[in-house]
Amino acid sequence: MTFDVVIANGWVVDGTGAPPFRADVGISAGKVAAVGRLPHHHHRAVDATGRLVLPGMVDCHSHGDGLVHDPGFQLANLRQGVTTVVLGQDGLSFAPTTIRAAFDYATRYFAAINGGFPGDGPLSVAEIRASHDRAALNSVFLLPHGTIRYDVLGPAQTTASPDELRTMRSIVEKGLDEGAAGLSTGLEYVPGRYADATELAALCAPLQGLPYVTHMRGYGQSARVGMKEALDVTRRAGVPLHVSHFHGPADVLLPLLEGDTTFDTYPYLRGSTILAMIVLPEDVPAADPAAALPMIEHLDLDYAWERLTIAHAPGLEWSEGLTIPEAAERRDESPALFARRLLIETDLQAGCVSARPDEGPEGEESVRRVLRHPAHTGGSDGLHVGGHPHPRAYGAFARFLGHHVREKGDLSWAEAASHLAAHPARRFRLFDRGLVRPGQAADLILVDPAKVADRATYADPRRLAQGVDDVWINGERVLEDGRMTTTRPGRALRPA
C-alpha cells in the first residue's frame, strides 16, 4: 500500500475508548488508510516516538464566526489540538439574514464575542459556510435562533405570531438544506430571551436528529429552570439536547441530565461575555440600542464590580485588563458610573471576564466531577476579541489534557479522546471524524503527554499552549514543529 505520509512509532489513542496502543498511522488521499505496523521507509514518515496520536479535537462551543481565516485564531486552536470548531453559538451570528438590519444587529451586539465579519451582509447559511471554507481549521455552523428572530420580528419583546413563526421555520428549513448542523439559542441574550418554549420547539422540529444547542435561561443554582425548559423543548420537537457551557455546582447539575442529552464545558471557574448581558436589567431593550442607551444614562446600576475585568472596550482600550473599580479609579468615578459610561461609550459592545461566586476549591471540584460525566464534551467558549480576553480561548483543550488528564487523572487518555473528539463528532453527525480508524478523515494530532499544558492565564491570556506541535487536517499538515504551514485544507463541514 502506498501512503502520502506515515506517522510512525506513536501510541494511538483511537477515540473508541480503547487504551493507547503502539502503531503507525498511514494517510492517503486525506483519509486514514491503515493503522498498524506499516512499512514506512519508502514513504514520507514523521517520527512520533514518545507521543500520542489522537483524533483531532472538536471545540463544541467556539466564537470564531468572523475569525476562521485569522492566523491568530487558527494558531491558538491548533496549538491545543483543535481541528474543528462549532460556530453559530448562543443564538447570534451573521447568518442567516435576509435584511441588512439583522446582519448589523448581530454584528454590533455580539462584537465583543464574534468580532466583525470580513465582508458585508445580509448572508445566507450557504454564503457564511462558503466563507469558512479553505481555512486551516474545519468548521461546523449552527442556525442562530436570535439572529433569525431579529430578521423576522426585529427587537420586539413579544411572542411570535403564527405567521412570524412560519416565516422563521422556513428560514430554519432553508438553513438546514444549506448545511447547518443544528439550532442554537441564547436565552439570556436579546432577542432570544423573548422566545417561549412553543416558539423554540416549533423551530427545532425540522432538525431531524440534529441537536438543539442552548445557552439556557439559567445556570448555577438556576440550572433547574434552564434545564426544565430545554428538556421540554426537545421532548416536544423530538430532537436531542446539547447544553452549552454547563457550569455550576455538580450536585445541582448532574441530576438534571437525562435522555439523549450532551453538554460542553470549559475547565475554568470564571466566565466571559458582554457587559450588557450581566449588568443591565431585563427591561432595558438591549436589542434596540437607540432606545436602550438613553435609558442607561439614568440607571443606578448595582453589581459586585470587583468581579468584572474589562476584556474588550473599543475606544477605551486603556481600560482592558483592569477591573471595573480599577478603571473607575483612574477616571475618579464610582464603579457604577464608570460601568454606565463604558456601556454608553462602547455602544453596548464592551466585553468582560467575570469571576463567579463559586470560585474556590468547591468550584474546582464541581468542574472535575462534571467533566467526568459520560455526556461531557469539550467547548472553549473562546472569545478572541479585545485586548484582554479570557484565557480559555488559548488554553481550554490543553488544560483538559495537561491538568485534568495528566495531573489530576479525571480522565484517562482514552476517555479524553472520546470526550473531546469522538463524542462531539457523533453529536453533530460528523461520522467520518473523531476516530483514528481506516476510512476516517485524517484529522490527527500528536500530543506530548509529558509536556501538554495551557500557558494562558488571567493576567496573560494570549499565551499559546504547549505540547501539540504537529497537526494534520484532511490529511494535510497544518502545524509542523509548532508553526503553521501554508496549507489550508479545512472545510466547512456538512452533517451526515
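Just so it is clear, the structure is predicted and the values come from calculations on it, not from any experiment. In this chain, numbering begins with 1 at the start of the sequence shown.
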Please examine the side chains of [Y] and [X], heavy atoms only from C-beta on, and report whether any two atoms are closer than 4.5 Å.
X	Y	result
Leu446	Val46	yes
Gln89	Ser244	yes
Pro489	Val478	yes
Tyr219	Glu188	yes
Trp472	Thr83	no
Arg22	Arg37	yes
Leu78	Leu137	yes
Leu75	Leu464	yes

Would you compute the distance between atom [atom1] of [X] and atom [atom2] of [Y] and round it to the nearest 0.5 angstrom?
X	Y	atom1	atom2	value
Leu342	Leu348	CG	CG	10.0 Å
Glu364	Tyr268	CD	OH	11.0 Å
Asp65	Phe110	CG	CZ	9.0 Å
Asp47	Asn9	CG	CG	5.0 Å
Arg372	Lys408	CZ	NZ	11.0 Å
Asn114	Leu87	CG	CG	8.0 Å

- Message: Here's a test for you: under side-chain contact (heavy atoms from CB on, under 4.5 Å), which of Thr16, Val13, Asp14, Ile7 qualifies with Val436?
- Response: Asp14
- Query: side-chain contact (heavy atoms from CB on, under 4.5 Å) with Leu203: which of Arg149, Glu173, Arg169?
  - Reply: Arg169
Would you find more than 12 non-hydrogen atoms of other residues, nucleotides or ligands less than 6.0 Å from [X] atom [atom1]?
X	atom1	result
Arg437	CZ	no
Arg483	CZ	no
Arg134	CZ	no

- Item | Given Arg406, Arg399, Arg392, Arg463, the one that forms salt bridge (Lys or Arg N to Asp or Glu O under 4.0 Å) with Asp454 | Arg399
Answer yes or no: is there a donor N or O on one side and an acceptor on the other, between the side chain of [X] and the main chain of [Y], under 3.5 Å?
X	Y	value
Asn77	Val82	no
Arg307	Ser354	no
Asp432	Gln440	no
Ser184	Gly88	yes
Arg429	Ala181	no
Gln466	Val452	no
Thr487	Arg477	yes
Arg368	Asp410	no
Asp4	Ala29	yes
Glu415	Trp413	no

Please give me the minimum heavy-atom distance between [X] and [Y], naming the atom from each residue.
X	Y	answer
Leu383	Ala112	CD1-O, 4.2 Å
Val468	Leu479	O-CD2, 3.5 Å
Gly17	Ala414	O-CB, 3.6 Å
Ile27	Ala442	CG2-CB, 3.8 Å
Leu38	Phe3	CD1-CZ, 4.1 Å
Arg51	Pro449	CA-CD, 4.2 Å

- Task: Report the residue from His419, His242, His404 that forms a ring pair (Phe, Tyr, Trp, His ring centres under 6.0 Å) with His376.
- Result: His419
- Item | Worked verdict on Asn474 versus Asp443 for side chain to side chain contact (heavy atoms under 4.5 Å, CB included) | CA-CA 5 Å; Asn474 296 310; Asp443 292 352; 3.8 Å; yes
- Item | Worked verdict on Asp470 versus Asp481 for side chain to side chain contact (heavy atoms under 4.5 Å, CB included) | CA-CA 6 Å; Asp470 297 277; Asp481 296 329; 4.1 Å; yes
Any luck finding a side-chain donor-acceptor pair between [X] and [Y] under 3.5 Å?
X	Y	answer
Tyr212	Thr185	yes
Tyr189	Thr273	yes
Thr147	Ser93	no

Aromatic ring proximity [X]/[Y], centre distance under 6.0 Å:
X	Y	result
His61	His63	yes
His245	Phe263	no
His384	Tyr394	yes

- Go through Tyr105 and Ile99 one step at a time and tell me if the side chain to side chain contact (heavy atoms under 4.5 Å, CB included) criterion holds. CA-CA 10 Å; Tyr105 170 70; Ile99 59 173; over 6 Å; no
- Using the side chain to side chain contact (heavy atoms under 4.5 Å, CB included) rule, take Leu420 and Leu401 through it: C-alpha gap first, then chi angles, then the decisive distance, then the call. CA-CA 10 Å; Leu420 305 179; Leu401 298 181; 4.0 Å; yes
- Check the pair Asp120 / Arg100 against salt bridge (charged side-chain N to carboxylate O under 4.0 Å, His left out), numbers first and verdict last. CA-CA 9 Å; Asp120 208 351; Arg100 179 61 184 263; 3.1 Å; yes
- Task: Could you label the plane-to-plane angle of the His390 and Tyr458 rings as parallel, tilted or perpendicular, counting under 30° as parallel and over 60° as perpendicular?
- Result: perpendicular
